[in-house]
Amino acid sequence: MLLLIKDGTVINPGDKTEREADVLVENGVIKKIAPKLTIKADRVIDASNCYVMPGFIDMHVHLRDPGMEHKETVETGVRAAVHGGFTTVVAMPNTKPVVDNGDVVNYVHNKAKNIGLAHVLQAGTVTKGQRGEALSDIEGMVEAGIPAISEDGKSVMNAQLYREAMTLAVKYDIPVLAHCEDISMVNGGVVNADKATEDMRLRGISNAVEDVIVARDIVLAKETGASLHLCHCSTKDSVKMVQMAKEEGVHVTAEVCPHHFTLTSSDIKENDANYKMNPPLRTIEDVQALREGLKADIMDVIATDHAPHTAIEKGVGIRKAPFGIVGLETAASLVVTELVDKGWLTMMQMAEKMSYNPAKILGLEKGVVEEGKPADLVVFDAKKEYVVDPEDFYSRGKNTPFAGKAVKGMVMATVVNGRIVFER
Ligand code: DOR
Ligand code: ZN
Ligand code: ZN
């Protein structure tokens with residue numbers, strides 16, 4: 001099977017080059033990258049006026065499978081992924097049951113393999129049942145192929161236990177993906193603690209709720225030597241601490257979600273729970289710091305924290321609805337609209353933060369467009385404009401604050417292992 005992607009601009013963050021070229025794919029592997037290839041292929045994708053980029057890698061999604069299939073399944077989740085240009089996703093383990101042993105890892109991996117769209121890598125929890133009391137079967141999950149451990153949804157509040165987990169992560173050479181939230185400081189908060197939300201009479205979650213755990217986790221990573229990846233950073237001081245830790249040589253990387261670099265708490269619409277996520281939308285100072293941190297490459301990764309919930313679950317108002325919004329099908333457009341077009345990022349940086357850096361952190365041979373490498377690719381039109389309509393989503397979750405937003409940047413085709421898994 002020969003696939004030819006013609007006349008695109010190929011972005012390869014592997015050697016930081018951008019050039020006009022055709023890409024020939026044979027049996028799932030990139031065979032040749034060169035201008036004006038004249039080969040008769042079985043399938044041709046016209047990529048004129050488009051970028052050909054490494055498939056996006058989302059280090060942070062919730063597929064809700066097993067146990068919450070009314071919100072999402074592996075199948076609807078990967079369909080959403082490839083629609084959004086993602087060829088690999090890391091699934092968070094806060095499912096029902098939680099992923100704390102090899103059997104649940106195998107269940108998700110087998111399901112994803114049978115569907116055969118995007119690659120799904122299932123992360124394992126740090127503690128059994130996410131109860132924060134005893135460590136999960138980390139060795140068993142490593143054998144089953146987890147790319148990382150994460151207690152996402154919460155922090156492991158017992159620092160000694162977390163330190164033990166980090167030591168095991170070093171032993172098994174996997175990163176620790178950290179959701180930073182001191183639960184003892186949340187106090188029933190549902191949105192950011194600031195003037196705008198006070199006026200809405202909503203209880204606040206202060207920046208310190210995140211910052212104290214970011215600080216603690218950096219200290220623990222420094223002591224253990226673990227590779228710490230900070231999930232969904234939302235505060236200006238998180239950015240500062242990441243910068244300081246990197247300067248000290250601590251193995252720390254950090255991610256930012258599109259909603260956190262796009263919206264502030266002032267954007268929250270009256271009692272609309274599609275603006276409720278954890279960590280919450282912060283202030284303009286935080287948004288500014290996140291953008292600057294991305295631009296300066298202090299912040300390494302853009303990930304979605306795709307967190308589908310049903311319309312009924314989200315329809316009960318901000319105070320009572322669960323935290324979380326979907327993100328797989330709006331991420332690339334928001335990066336172009338809010339960061340690339342406004343001069344914060346180059347297209348190369350977009351490819352680094354959405355493909356190359358996640359691959360490096362996860363130890364995957366992905367995130368590049370190079371001959372001999374697996375053909376996980378996205379054909380992306382960075383000029384195409386459209387209006388976000390949740391009814392177009394493949395995800396079961398329609399819970400987005402971006403419905404009706406005019407954006408730029410559209411996924412035209414997604415290729416996984418040389419197979420076209422999405423085409424417009
Ligand atoms: O907004 C969020 N949703 N934050 C989390 O930490 C968990 C996630 C979910 O699982 O819904
Ligand atoms: Zn989280
Ligand atoms: Zn999450």
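In listed order, ligands and their atoms are each counted from 1.
- Note on Asp297 versus Lys353: salt bridge recorded, some NZ/NE/NH1/NH2 to OD/OE distance being below 4.0 Å.
- With 3.5 Å as the limit, one finds no donor-acceptor pair spanning the side chains of Asp58 and His306.
- Panel note: side chain Thr337, backbone Val407; no donor-acceptor pair is recorded below 3.5 Å.
- Here the protein contributes His60 NE2, His62 NE2, Asp152 OD2, Asp305 OD1 as N, O or S atoms under 2.8 Å from the Zn ion (ligand 3).
- Of the options Leu339, Ile302, Thr330, a side chain to side chain contact (heavy atoms under 4.5 Å, CB included) to Pro258 is made by Ile302 and by none of the others.
- By the 30° and 60° cut-offs, the orientation of the rings of Tyr394 relative to Phe422 is perpendicular.
- The closest donor-acceptor contact from the side chain of Lys128 to the backbone of Thr125 lies at 3.5 Å or more, if one exists at all.
- A donor-acceptor pair shorter than 3.5 Å cannot be found between the side chains of Asp286 and His260.
- Taking a cutoff of 4.0 Å between a charged side-chain nitrogen and a carboxylate oxygen, Glu69 and Arg396 do not qualify as a salt bridge.
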Run through all N or O atoms in ligand 1 and write down each protein N or O closer than 3.5 Å, as a pair with its distance.
unit_1   : atom_1 : unit_2 : atom_2 : d
ligand 1 : 1 (O)  : Asn278 : N      : 3.0
ligand 1 : 1 (O)  : Gly324 : N      : 3.2
ligand 1 : 3 (N)  : Phe323 : O      : 3.3
ligand 1 : 4 (N)  : Asn278 : O      : 2.9
ligand 1 : 6 (O)  : His179 : ND1    : 3.2
ligand 1 : 10 (O) : His62  : ND1    : 3.4
ligand 1 : 10 (O) : Arg64  : NH1    : 2.9
ligand 1 : 10 (O) : Asn94  : ND2    : 2.9
ligand 1 : 11 (O) : Arg64  : NH2    : 2.7
ligand 1 : 11 (O) : His309 : NE2    : 3.3
ligand 1 : 11 (O) : Phe323 : O      : 3.2

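- Checking Ser238 against Glu210 by side-chain atom types alone, a donor-acceptor pair falls below 3.5 Å.
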